[in-house]
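Since the structure comes first, as C-alpha coordinates, the remarks are kept for the end.
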Amino acid sequence: MQDEYRTVARRGVHETEVNRSRFLCALAPAATEQEAQAFLAAVRKEHADATHNCWAYVIGADASVQKASDDGEPGGTAGVPMLQMLLRRDMRYVVAVVTRYYGGVKLGAGGLIRAYGGAVGEALDTLGTITRRRFRLARVTVDHQRAGKVQNDLRSTGRDVRDVRYGEAVTIEIGLPDTEVDTFRAWLADATAGTAGFEVGGEAYGDA
(Lines give C-alpha, C1' and ligand atoms only; values in the text may rest on other atoms or scores of the structure.)
Protein backbone atom coordinates (compact mmCIF):
# COMPACT_ATOMS: atom_id res chain seq x y z
CA MET A 1 0.00 0.00 0.00
CA GLN A 2 1.08 3.56 -0.66
CA ASP A 3 2.01 5.49 2.50
CA GLU A 4 -0.07 8.46 1.37
CA TYR A 5 -1.95 9.96 -1.55
CA ARG A 6 -3.67 13.21 -2.45
CA THR A 7 -7.24 13.78 -3.54
CA VAL A 8 -9.47 16.75 -4.26
CA ALA A 9 -10.81 18.46 -1.15
CA ARG A 10 -14.36 18.86 -2.49
CA ARG A 11 -16.37 18.65 -5.67
CA GLY A 12 -16.68 21.82 -7.69
CA VAL A 13 -16.28 23.53 -11.06
CA HIS A 14 -13.67 25.98 -12.33
CA GLU A 15 -14.06 27.83 -15.64
CA THR A 16 -11.35 29.15 -17.95
CA GLU A 17 -11.49 30.71 -21.42
CA VAL A 18 -9.00 30.10 -24.23
CA ASN A 19 -9.46 31.92 -27.55
CA ARG A 20 -13.21 32.31 -26.94
CA SER A 21 -13.71 28.61 -26.11
CA ARG A 22 -15.08 28.02 -22.60
CA PHE A 23 -13.52 25.18 -20.60
CA LEU A 24 -15.39 24.11 -17.47
CA CYS A 25 -13.47 21.63 -15.32
CA ALA A 26 -15.67 19.69 -12.90
CA LEU A 27 -13.75 17.77 -10.22
CA ALA A 28 -15.01 15.31 -7.61
CA PRO A 29 -13.64 12.70 -5.21
CA ALA A 30 -14.54 9.17 -6.35
CA ALA A 31 -14.03 6.11 -4.14
CA THR A 32 -14.82 3.67 -6.97
CA GLU A 33 -14.93 3.56 -10.76
CA GLN A 34 -18.74 3.43 -10.52
CA GLU A 35 -18.76 6.74 -8.61
CA ALA A 36 -16.50 8.30 -11.25
CA GLN A 37 -18.79 7.10 -14.06
CA ALA A 38 -21.89 8.40 -12.22
CA PHE A 39 -20.29 11.84 -11.84
CA LEU A 40 -19.34 11.83 -15.52
CA ALA A 41 -22.91 10.91 -16.52
CA ALA A 42 -24.30 13.77 -14.39
CA VAL A 43 -21.96 16.34 -15.99
CA ARG A 44 -22.77 15.03 -19.49
CA LYS A 45 -26.48 15.38 -18.76
CA GLU A 46 -26.03 18.92 -17.42
CA HIS A 47 -23.95 19.96 -20.44
CA ALA A 48 -25.63 17.89 -23.14
CA ASP A 49 -25.33 20.87 -25.54
CA ALA A 50 -21.54 21.21 -25.09
CA THR A 51 -19.11 20.59 -27.95
CA HIS A 52 -17.15 18.05 -25.88
CA ASN A 53 -17.21 16.49 -22.40
CA CYS A 54 -13.71 15.04 -22.02
CA TRP A 55 -12.76 13.15 -18.89
CA ALA A 56 -10.12 11.34 -16.87
CA TYR A 57 -10.07 9.55 -13.57
CA VAL A 58 -7.61 7.82 -11.25
CA ILE A 59 -8.89 5.24 -8.74
CA GLY A 60 -6.80 3.43 -6.12
CA ALA A 61 -4.09 4.69 -3.78
CA ASP A 62 -1.58 3.06 -6.14
CA ALA A 63 -3.37 4.51 -9.22
CA SER A 64 -4.38 0.99 -10.30
CA VAL A 65 -7.28 2.30 -12.44
CA GLN A 66 -6.48 5.10 -14.94
CA LYS A 67 -8.91 5.97 -17.71
CA ALA A 68 -9.43 8.93 -20.02
CA SER A 69 -11.46 9.98 -23.07
CA ASP A 70 -11.04 12.69 -25.72
CA ASP A 71 -14.80 12.64 -26.47
CA GLY A 72 -14.35 13.62 -30.12
CA GLU A 73 -11.33 15.91 -29.78
CA PRO A 74 -8.25 14.83 -31.83
CA GLY A 75 -6.68 11.71 -30.26
CA GLY A 76 -4.43 12.41 -27.28
CA THR A 77 -5.24 16.13 -27.03
CA ALA A 78 -7.77 16.11 -24.15
CA GLY A 79 -8.21 13.03 -21.95
CA VAL A 80 -4.52 12.10 -21.83
CA PRO A 81 -3.25 15.58 -20.81
CA MET A 82 -6.02 15.68 -18.19
CA LEU A 83 -4.92 12.29 -16.83
CA GLN A 84 -1.26 13.33 -16.91
CA MET A 85 -2.06 16.43 -14.87
CA LEU A 86 -3.87 14.33 -12.22
CA LEU A 87 -0.91 11.91 -12.03
CA ARG A 88 1.67 14.70 -11.98
CA ARG A 89 -0.10 16.14 -8.94
CA ASP A 90 -0.22 12.67 -7.27
CA MET A 91 -4.02 12.75 -7.31
CA ARG A 92 -5.95 9.56 -6.49
CA TYR A 93 -9.62 8.65 -6.10
CA VAL A 94 -10.55 11.61 -8.28
CA VAL A 95 -12.52 12.27 -11.48
CA ALA A 96 -12.17 15.28 -13.77
CA VAL A 97 -14.56 16.25 -16.57
CA VAL A 98 -13.68 19.18 -18.82
CA THR A 99 -16.65 20.53 -20.75
CA ARG A 100 -15.78 22.62 -23.81
CA TYR A 101 -18.04 25.12 -25.52
CA TYR A 102 -16.37 25.91 -28.85
CA GLY A 103 -15.78 29.61 -29.42
CA GLY A 104 -15.06 29.60 -33.15
CA VAL A 105 -11.25 29.61 -33.03
CA LYS A 106 -9.34 26.35 -33.62
CA LEU A 107 -6.62 25.81 -31.02
CA GLY A 108 -4.50 23.16 -32.77
CA ALA A 109 -3.17 20.03 -31.06
CA GLY A 110 -0.67 21.87 -28.83
CA GLY A 111 -3.27 24.44 -27.83
CA LEU A 112 -5.80 21.76 -26.94
CA ILE A 113 -3.27 19.82 -24.83
CA ARG A 114 -2.37 22.99 -22.90
CA ALA A 115 -6.04 24.01 -22.52
CA TYR A 116 -7.31 20.65 -21.22
CA GLY A 117 -4.33 19.92 -18.95
CA GLY A 118 -4.31 23.53 -17.75
CA ALA A 119 -8.04 23.48 -16.96
CA VAL A 120 -7.49 20.51 -14.60
CA GLY A 121 -4.42 22.12 -12.98
CA GLU A 122 -6.25 25.41 -12.37
CA ALA A 123 -9.30 23.59 -10.97
CA LEU A 124 -7.08 21.64 -8.53
CA ASP A 125 -5.45 24.89 -7.41
CA THR A 126 -8.84 26.56 -6.93
CA LEU A 127 -10.71 23.73 -5.20
CA GLY A 128 -7.76 22.55 -3.13
CA THR A 129 -6.37 19.12 -2.34
CA ILE A 130 -5.98 17.04 0.82
CA THR A 131 -3.37 14.43 1.73
CA ARG A 132 -4.54 11.12 3.11
CA ARG A 133 -2.06 9.00 5.02
CA ARG A 134 -1.97 5.27 5.66
CA PHE A 135 -2.39 4.17 9.26
CA ARG A 136 -3.05 1.08 11.36
CA LEU A 137 -6.42 0.66 13.04
CA ALA A 138 -6.08 -0.27 16.71
CA ARG A 139 -8.50 -0.94 19.54
CA VAL A 140 -7.95 0.05 23.16
CA THR A 141 -10.15 -1.58 25.81
CA VAL A 142 -10.17 0.08 29.20
CA ASP A 143 -12.37 0.10 32.32
CA HIS A 144 -14.90 2.91 32.82
CA GLN A 145 -12.88 4.42 35.67
CA ARG A 146 -9.84 5.08 33.48
CA ALA A 147 -11.64 5.70 30.17
CA GLY A 148 -12.10 9.47 30.53
CA LYS A 149 -8.45 10.13 31.32
CA VAL A 150 -7.24 7.83 28.52
CA GLN A 151 -9.50 9.60 25.98
CA ASN A 152 -8.30 13.02 27.14
CA ASP A 153 -4.67 11.91 26.95
CA LEU A 154 -5.20 10.49 23.45
CA ARG A 155 -6.80 13.69 22.17
CA SER A 156 -4.31 16.03 23.85
CA THR A 157 -1.43 14.17 22.17
CA GLY A 158 -3.13 14.47 18.77
CA ARG A 159 -4.12 10.82 18.43
CA ASP A 160 -6.79 10.01 15.84
CA VAL A 161 -9.72 8.80 17.99
CA ARG A 162 -12.11 7.27 15.47
CA ASP A 163 -14.80 5.70 17.64
CA VAL A 164 -15.72 5.18 21.31
CA ARG A 165 -18.10 2.42 22.43
CA TYR A 166 -19.42 1.86 25.94
CA GLY A 167 -20.22 -1.65 27.18
CA GLU A 168 -18.90 -3.67 30.12
CA ALA A 169 -15.65 -1.89 29.31
CA VAL A 170 -14.96 1.13 27.07
CA THR A 171 -13.58 0.39 23.59
CA ILE A 172 -11.69 3.21 21.88
CA GLU A 173 -10.75 2.80 18.22
CA ILE A 174 -7.75 4.83 17.09
CA GLY A 175 -5.53 5.21 14.03
CA LEU A 176 -1.75 4.87 14.44
CA PRO A 177 1.17 5.10 12.03
CA ASP A 178 2.84 1.66 11.80
CA THR A 179 6.06 3.06 13.24
CA GLU A 180 4.33 4.16 16.46
CA VAL A 181 2.51 0.94 17.39
CA ASP A 182 5.19 -0.36 19.80
CA THR A 183 5.73 3.06 21.42
CA PHE A 184 1.99 3.47 21.87
CA ARG A 185 1.64 0.00 23.38
CA ALA A 186 4.28 0.87 26.00
CA TRP A 187 2.67 4.25 26.75
CA LEU A 188 -0.76 2.65 27.21
CA ALA A 189 0.56 -0.01 29.59
CA ASP A 190 2.24 2.72 31.64
CA ALA A 191 -0.82 5.03 31.61
CA THR A 192 -3.24 2.32 32.75
CA ALA A 193 -0.96 0.28 35.03
CA GLY A 194 -1.15 -2.56 32.50
CA THR A 195 -4.95 -2.91 32.77
CA ALA A 196 -5.87 -1.82 29.24
CA GLY A 197 -6.32 -4.20 26.34
CA PHE A 198 -4.66 -3.34 23.01
CA GLU A 199 -5.44 -4.98 19.69
CA VAL A 200 -3.95 -4.02 16.32
CA GLY A 201 -6.21 -4.40 13.28
CA GLY A 202 -6.09 -3.68 9.55
CA GLU A 203 -4.93 -0.67 7.56
CA ALA A 204 -6.87 2.32 6.31
CA TYR A 205 -6.31 5.87 5.07
CA GLY A 206 -7.17 9.08 6.89
CA ASP A 207 -6.59 12.82 6.57
CA ALA A 208 -3.00 13.74 7.23
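Side-chain atoms of Thr51 come within 3.5 Å of backbone N or O of Tyr102 as a donor-acceptor pair. Using a distance-only test at 3.5 Å, with no hydrogens or angles considered, no donor-acceptor pair links the side chain of His14 to the main chain of Cys25. Of the possible polar contacts, none joining the Arg11 side chain to the Ala28 backbone as a donor-acceptor pair under 3.5 Å is found. At distances below 3.5 Å, not a single donor-acceptor pair connects side-chain atoms of Asp90 with backbone N or O atoms of Tyr5.
The environment of CZ in Arg114 is sparse: at most 12 heavy-atom neighbours from other residues, nucleotides or ligands sit within 6.0 Å.
Thr192 and Arg146 share no side-chain donor-acceptor pair at under 3.5 Å. With no hydrogens or angles considered, no side-chain donor-acceptor pair links Thr171 and Arg139 at under 3.5 Å.
Between Ala115 and Val18, the shortest heavy-atom contact is CB-CG2, 4.2 Å. Of all the heavy atoms in His52 and Asp71, the pair that sits closest is ND1-O, 2.8 Å. Across every non-hydrogen atom of Gly75 and Asp70, the tightest pair is CA-OD2, 3.4 Å. The two residues Ile113 and Gly76 have their closest heavy-atom pair at CG1-O, 4.0 Å. Scanning both residues, Ile59 and Ala31, for their nearest heavy atoms gives CG2-O, 3.8 Å. Considering every non-hydrogen atom in both Ala196 and Val140, the closest pair reads CB-CG1, 4.5 Å.
Looking only at side-chain heavy atoms (C-beta outward), Asp182 and Arg185 come within less than 4.5 Å of each other. For the pair Arg10/Thr129, no side-chain contact is recorded, criterion being any heavy-atom separation below 4.5 Å from C-beta on. Taking 4.5 Å as the limit, some side-chain heavy atom of Ser69 sits within range of a side-chain heavy atom of Trp55.
Relative ring orientation between Phe198 and Phe184 is described as tilted, the plane-to-plane angle lying within the 30° to 60° band.
Val98 and Val105 fall into different hydrophobic clusters, where Ile, Leu, Val, Met, Phe, Trp and Tyr side chains are chained together by heavy-atom contacts under 4.5 Å. Residues Leu124 and Tyr116 share a single hydrophobic cluster, defined by chaining ILVMFWY side chains whose heavy atoms lie under 4.5 Å apart. Hydrophobic clustering, with ILVMFWY side chains joined whenever heavy atoms are under 4.5 angstrom apart, keeps Tyr93 apart from Val8. Cluster membership for Leu40 and Val120, using ILVMFWY side-chain heavy atoms within less than 4.5 angstrom, is not shared. Following chains of ILVMFWY side-chain contacts shorter than 4.5 Å, one cannot reach Val94 starting from Val65, and the two form parts of different hydrophobic clusters.
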Query - Trace of the side-chain contact (heavy atoms from CB on, under 4.5 Å) decision for Phe135 with Arg162 - result: CA-CA 12 Å; Phe135 61 85; Arg162 303 177 64 77; 3.2 Å; yes
**Report entry** Leu154 and Trp187: CA distance, side-chain angles, deciding distance, side-chain contact (heavy atoms from CB on, under 4.5 Å) verdict
**Finding:** CA-CA 11 Å; Leu154 289 172; Trp187 170 85; 3.9 Å; yes
Query raised in the report: Yes or no on side-chain contact (heavy atoms from CB on, under 4.5 Å) for Val161 and Gln151, after CA distance, side-chain angles and deciding distance?
Result: CA-CA 8 Å; Val161 177; Gln151 282 184 67; 5.5 Å; no
Report task. Under the side-chain contact (heavy atoms from CB on, under 4.5 Å) rule, what do Arg88 and Met85 come out as? Steps first, then yes or no, please. Result -> CA-CA 5 Å; Arg88 196 178 306 142; Met85 180 60 72; 3.6 Å; yes
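Taken to the nearest 0.5 Å, the OG1 atom of Thr77 stands 11.0 Å off from the CE atom of Met82. Here the CZ-OG1 distance, from Arg89 to Thr7, works out to 13.0 Å after rounding to the nearest 0.5 Å. In this structure, the separation between OH on Tyr57 and OG1 on Thr32 is 9.5 Å, given to the nearest 0.5 Å. Atom-to-atom distance recorded for Met91:CE and Leu83:CG is 12.5 Å, nearest 0.5 angstrom. Separation of atoms CD (Glu17) and CG (Leu24) is listed at 10.5 Å; rounding is to 0.5 Å. The distance from atom CG of Leu107 to atom CG of Leu112, rounded to the nearest 0.5 Å, is 5.0 Å.
Cation-pi geometry between Arg22 and Tyr101 is met: under 6.0 angstrom from the ring centre, within 45 degrees of the axis.
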